[in-house]
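Below: the structure, in structure tokens.
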Amino acid sequence: MATRFEIDDAFIAERNQVAKGFLEDDYDSLGDKLGRNNVNIRDLTAKAQAFQVALPSWGVGTGGTRFARFPGPGEPRNIYEKLEDCGTILKLVRSTSAVSLHIPWDKPEDPAELRKFARERALHFDAMNSNTFQDQPGQKLSYKFGSLTHPDSGVRQQAVEHNIECIETGKILGSKSLTVWIADGGNFPGQIDPRRALERYLESMHAIYKALPDDWNVFLEHKLYEPSFYSTVINDWGTSYYCARELGAKARCLVDLGHHAPNVNIEMIVARLIQFGKLGGFHFNDSKYGDDDLDAGSIKPFQLFLIFNELVDAELSAVPHFDPCYMLDQSHNVTDPIESLMLSANELVRAYVQAHLVDRQALTEAQEECDPLMALAILKKAFTTDVTPIVALARERVGGAIDPVATYRSSGYRKRKAAEREAVRASLTGIV
Ligand code: LRH
Ligand code: MN
């Protein structure tokens with residue numbers, strides 16, 4: 001079997017010697033500055049090192065739109081090569097040890113063998129993602145007019161069985177959750193009866209819920225629109241929350257940042273779902289207009305910080321059952337997916353560390369004393385603190401790269417993969 005090129009730890013350490021420069025000095029002076037506010041930089045660095053976000057298996061290949069997809073050199077051709085690339089990202093940033101699979105895009109012939117392959121790269125499997133928004137070759141009944149809410153009970157049953165199949169595959173892979181996003185909805189007024197469709201959704205989800213092992217969760221992912229452009233059955237957090245409550249304790253809500261109307265206050269939705277004990281997890285990304293699936297923190301970094309401000313506040317106030325799953329869900333249409341995923345993971349670590357810089361006692365006082373400017377200033381002080389030395393040294397101290405993109409580029413990994421992976425005639429439209 002052809003050898004698979006890998007970036008080794010020695011190369012990363014050697015590149016770190018070059019990149020280290022004044023990082024230690026910057027870290028020490030930041031430590032002094034934070035120390036003046038009784039913030040211990042070593043605690044923050046430990047928090048940064050503990051932070052983990054799952055990679056989307058569908059995110060390591062070049063993404064596209066309905067207009068076009070421009071696959072790059074050395075594209076991963078199968079789930080093994082996708083895991084190779086996920087393993088490379090983990091080596092360089094050390095905060096992405098979990099991978100979220102999409103079925104059937106990543107349906108493994110031999111799940112046990114795939115689990116072994118992943119473990120050899122220090123990877124494990126996070127939430128399984130079902131897919132009843134596309135018809136597969138040889139599929140009996142079409143999802144053109146819906147899946148779990150389709151008027152034809154045969155189609156609903158087919159979709160339920162697919163989700164149960166995802167659970168069965170996930171059990172062998174060691175996954176502990178299933179994410180259900182459905183495209184069900186209509187393009188015309190009158191096409192869908194909203195109340196009947198939701199009843200059918202719950203009926204189908206109850207059947208899927210019954211198939212969940214005791215220690216599993218099911219995440220309900222809401223989305224305002226697309227591919228349905230008039231009505232979507234699970235269109236917002238309220239509907240998702242109602243359904244999660246109806247289904248039971250193992251059902252929780254997943255917030256994909258791109259699935260909301262422009263200007264929706266997502267951090268408020270997060271605070272609500274935390275308070276209601278139904279925050280299951282996130283698909284982090286960013287967007288300017290619709291579900292753009294752009295790199296996390298690339299368009300609205302302050303919103304990302306405000307979301308982590310709610311998450312860290314819940315963490316520090318020990319909200320019961322608070323353990324949301326963090327995943328990236330992005331489409332990399334014009335960048336090397338490995339570079340985008342590394343920088344996006346770092347943007348999450350940055351927002352998480354900055355949220356730990358918020359002086360929460362002073363914030364509460366400003367809120368209780370109706371001092372809005374002081375409240376904003378307290379948040380802005382944390383958001384405008386450059387925590388790069390903490391995020392970089394947190395990586396370096398666990399064997400990662402101080403400058404992941406520079407180290408990745410100087411490794412020639414992509415070129416080597418292009419040589420190893422002769423290009424396949426890939427579909428030149430669509431998101432994956
Ligand atoms: C839907 C979505 C969902 C995935 C898909 C790849 O827009 O966010 O999470 O199944 O993207
Ligand atoms: Mn998503």
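These numbers come from the heavy atoms of this one structure, side chains and all, not from hydrogens, waters or symmetry mates. Both counts, for ligands and for their atoms, begin at 1 and track the order of listing. Because the structure is predicted, anything quoted here is derived from the model rather than measured.
Distances below 4.0 Å separate heavy atoms of His283 from the following atoms of ligand 1: 9 (O). Atoms of ligand 1 found under 4.0 Å from any heavy atom of Asp291 (numbered from 1 in listed order, with element): 7 (O). The Glu221 neighbourhood of ligand 1 comprises atoms 2 (C), 3 (C), 8 (O), 9 (O), with distances under 4.0 Å to a heavy atom of that residue. Less than 4.0 angstrom separates some heavy atom of His102 from each of these atoms of ligand 1: 4 (C), 6 (C), 10 (O).
For the pair Asp256 and ligand 1, a heavy-atom separation below 4.0 Å is found. Within the 4.0 Å heavy-atom cutoff, His259 counts among the residues contacting ligand 1.
Of the listed residues (Asp106, Asp329, Asn129), just one forms a side chain to side chain donor-acceptor pair (under 3.5 Å) with Trp58, and that residue is Asp329. For the salt bridge (charged side-chain N to carboxylate O under 4.0 Å, His left out) criterion with Lys223, the lone passing option out of Asp236, Asp291, Asp256 is Asp291.
At most 12 non-hydrogen atoms from other residues, nucleotides or ligands lie less than 6.0 angstrom from NZ of Lys381. Within 6.0 Å of atom CD in Glu109, 12 or fewer heavy atoms from other residues, nucleotides or ligands are found, so the atom counts as exposed in its surroundings.
Here the protein contributes Glu221 OE2, Asp256 OD2, His283 ND1, Asp329 OD2 as N, O or S atoms under 2.8 Å from the Mn ion (ligand 2).
Considering only heavy atoms from C-beta on, Lys415 stays 4.5 Å or farther from Phe5 through its side chain. The shortest side-chain heavy-atom distance between Leu178 and Met128 falls under the 4.5 Å cut-off.
A salt bridge does not link Arg195 to Glu199: none of the charged nitrogens lies less than 4.0 Å from a carboxylate oxygen.
Summarising the contacts of atom 5 (C) of ligand 1 with Asp329, Val180, Asn129, the nearest heavy atom is found in Asp329.
The cationic atom of Lys47 (NZ for Lys, CZ for Arg) does not lie both less than 6.0 Å from the six-membered ring centre of Tyr352 and within 45° of the ring axis. For the pair Lys380 and Phe302, the distance from NZ or CZ to the six-membered ring centre is under 6.0 Å and the angle to the ring normal is within 45 degrees.
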Self-check item: Stepwise ring-ring contact (aromatic ring centres under 6.0 Å, His included) check, Phe133 with His102
Solution: CA-CA 12 Å; Phe133 52 85; His102 221 296; 5.7 Å; yes
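Aromatic ring pairs are classed by plane angle as parallel below 30°, tilted from 30° to 60° and perpendicular above 60°; the pair His150 and Phe145 is perpendicular.
Counting heavy atoms under 4.0 Å from ligand 1, residue Thr179 does not touch it at all. Under 4.0 angstrom from ligand 1, the non-hydrogen atoms of Lys223 all belong to its side chain.
No N or O atom of Asp293 sits closer than 3.5 Å to an N or O atom of ligand 1.
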